[in-house]
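Report on the following structure.
Count residues from 1 along the sequence.
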Amino acid sequence: MSDRALVTGGAGFIGSNLVRALLDEGTEVVVLDDLSTGSTSNLESIASEIKFIEGSILDAEALKRALEGVERVFHLAAQVSVPASMNDPAHNDAVNCRGTQQVFETARAAGARRVVYSASCAVYGNAPGLPKHEGSTLSPESPYAASKYYGEVLGGVWSRSMGLEVASLRYFNVFGARQSPTGGYAAAIPIFVQRTLDKAPITIHGDGLQTRDFVHVDNVVSANLLASRAEDAPGLVFNIGSGVQTSILELTQKIAEVIGEPTQVSHSEARLGDVRHSVADISLAQSTLGYAPTVDLMTGLERTVAWQREQR
């Protein structure tokens, strides 16, 4: 079997970066994406090099077609917004729980060797104790976080009992090129960069002292590739972050520094379901996968700003 990989959600932000890295490795790539949040513009420059199937992971036929001859599956397709999961928990559950179950089942039936599942640090919630390691107390605060945990548990079961290798990666706050600054659920960094470039004020939910572990997308892509091959990865869950804690206020200052424009900050109410503090212990990913975050926050911000400037 030739090395063929499927990336579900491959037209999205992380997925489209991963697709490029797989092509660079010489892998044949199939992308399955329903374009609910992803965009074909993310794949425009490589469209002729991949097989693109427009469809949902809930569409059994599309999924079966996408998995033909595939050895490695990178399962990124998901409903990824905490507020959206609280507004429509049933849709969140359908995509993230039933959809993930369907990906695992169809992958096994198709003879795929391994699935790398995109999990989330949201599973830790506001449980005390930092940094978060894989054995830390879990306390999901939203339907999104609960559904991502379900996928991890399922991955463990399929690895141990169902004959499919599944490794789960708990992403912390991923940022970088191809992350959209628009839309109701856009992430902080692309919005803050856009506002600063526009010389417009930034609105921070809450006091801005909440902290996050911001990890550049290149580090996350590297973790996916490593997890798809590491011998001891199946059945395990790994934190994928930078291991560095940054407050939201500090983040706005770093963005101002990179752009060379001061930021104007205003505050609004804290959002329901949001976590107060977050930072990853990445030692398990380092020792088992050989993961090493090579792009730090400032370098990552420089690349992100350059990309967003280019898009304007």
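- Distance alone, capped at 3.5 Å, is enough to place a donor-acceptor pair between the Q79 side chain and the S81 backbone.
- Side-chain atoms of T27 do not come within 3.5 Å of backbone N or O of A5 as any donor-acceptor pair.
- Between the OG atom of S228 and the CZ atom of F74 there is a distance of 4.0 Å, given to the nearest 0.5 Å.
- In this structure a side-chain-to-backbone donor-acceptor pair under 3.5 Å is missing from R178 to F13.
- No donor-acceptor pair under 3.5 Å is formed between the side chain of R195 and the backbone N or O of P190.
- Without hydrogens or angle criteria, E134 side chain to N239 main chain gives a donor-acceptor distance under 3.5 Å.
- Side-chain contact between Y117 and V73: absent, with no pair of heavy atoms (C-beta onward) separated by less than 4.5 Å.
- Within the 4.5 Å cutoff, the side chain of V166 has heavy atoms near those of the F104 side chain.
- No salt bridge links R113 with D3; every basic N to acidic carboxylate O contact stays at or beyond 4.0 Å.
- Side-chain atoms of D232 never come within 3.5 Å of backbone atoms of T288 as a donor-acceptor pair (strictly under, hydrogens ignored).
- In this structure, R20 does not pair ionically with D218, as no charged nitrogen and carboxylate oxygen lie closer than 4.0 Å.
- Using modelled atom types and a 3.5 Å distance limit, the side chains of S118 and H75 yield no donor-acceptor pair.
- One distance of note links CD of Q194 with OG1 of T304; it measures 13.0 Å at 0.5 Å rounding.
- Listed here is the closest heavy atom pair of V217 and I14: CG2-CA, 4.1 Å.
- Contact annotation: the side chain of E165 never approaches that of W158 to less than 4.5 Å [non-hydrogen atoms, C-beta and beyond].
- For the atom pair CG of L130 and OG of S278, the computed distance is 7.5 Å after rounding to the nearest 0.5 Å.
- The side chain to side chain contact (heavy atoms under 4.5 Å, CB included) with K148 is formed by just one residue from the set C97, S85, S120; it is S120.
- Interatomic distance, OG1 of T203 versus CZ of F192, reported as 8.5 Å (0.5 Å rounding).
- E71 and R114 are not joined by a salt bridge, as no carboxylate oxygen comes within less than 4.0 angstrom of a charged side-chain nitrogen.
- Expressed to the nearest 0.5 Å, how far CZ of F238 lies from CD of Q286 amounts to 12.0 Å.
- Considering only heavy atoms from C-beta on, R72 comes within 4.5 Å of R229 through its side chain.
- Taking 4.5 Å as the limit, every side-chain heavy atom of K132 sits out of range of all side-chain heavy atoms of V279.
- The closest side-chain donor-acceptor pair between Y144 and D93, if any, does not fall under 3.5 angstrom.
- To the nearest 0.5 angstrom, K64 atom NZ is 11.5 Å from E105 atom CD.
- Looking at heavy atoms from C-beta onward, Q102 lies out of side-chain contact with I57 at the 4.5 angstrom threshold.
- Judged by distance alone, with hydrogens and angles left aside, the side-chain atoms of N224 form a donor-acceptor pair with the main-chain N or O of V220 at under 3.5 Å.
- Proximity of a side-chain donor or acceptor of R4 to a complementary backbone N or O of E68 within less than 3.5 Å is detected.
- Proximity of T299 to L301: side-chain heavy atoms (C-beta onward) are nowhere separated by under 4.5 Å.
- Under a 3.5 Å cut-off, the side chain of E44 and the backbone N or O of N42 do not form any donor-acceptor pair.
- Of the candidates L32, V30, L22, V70, V7 forms a side chain to side chain contact (heavy atoms under 4.5 Å, CB included) with just one, namely L22.
- No side-chain heavy atom of L6 sits less than 4.5 Å from a side-chain heavy atom of V103.
- In this structure, the side chain of D34 does not engage the main chain of E54 through any donor-acceptor pair within 3.5 Å.
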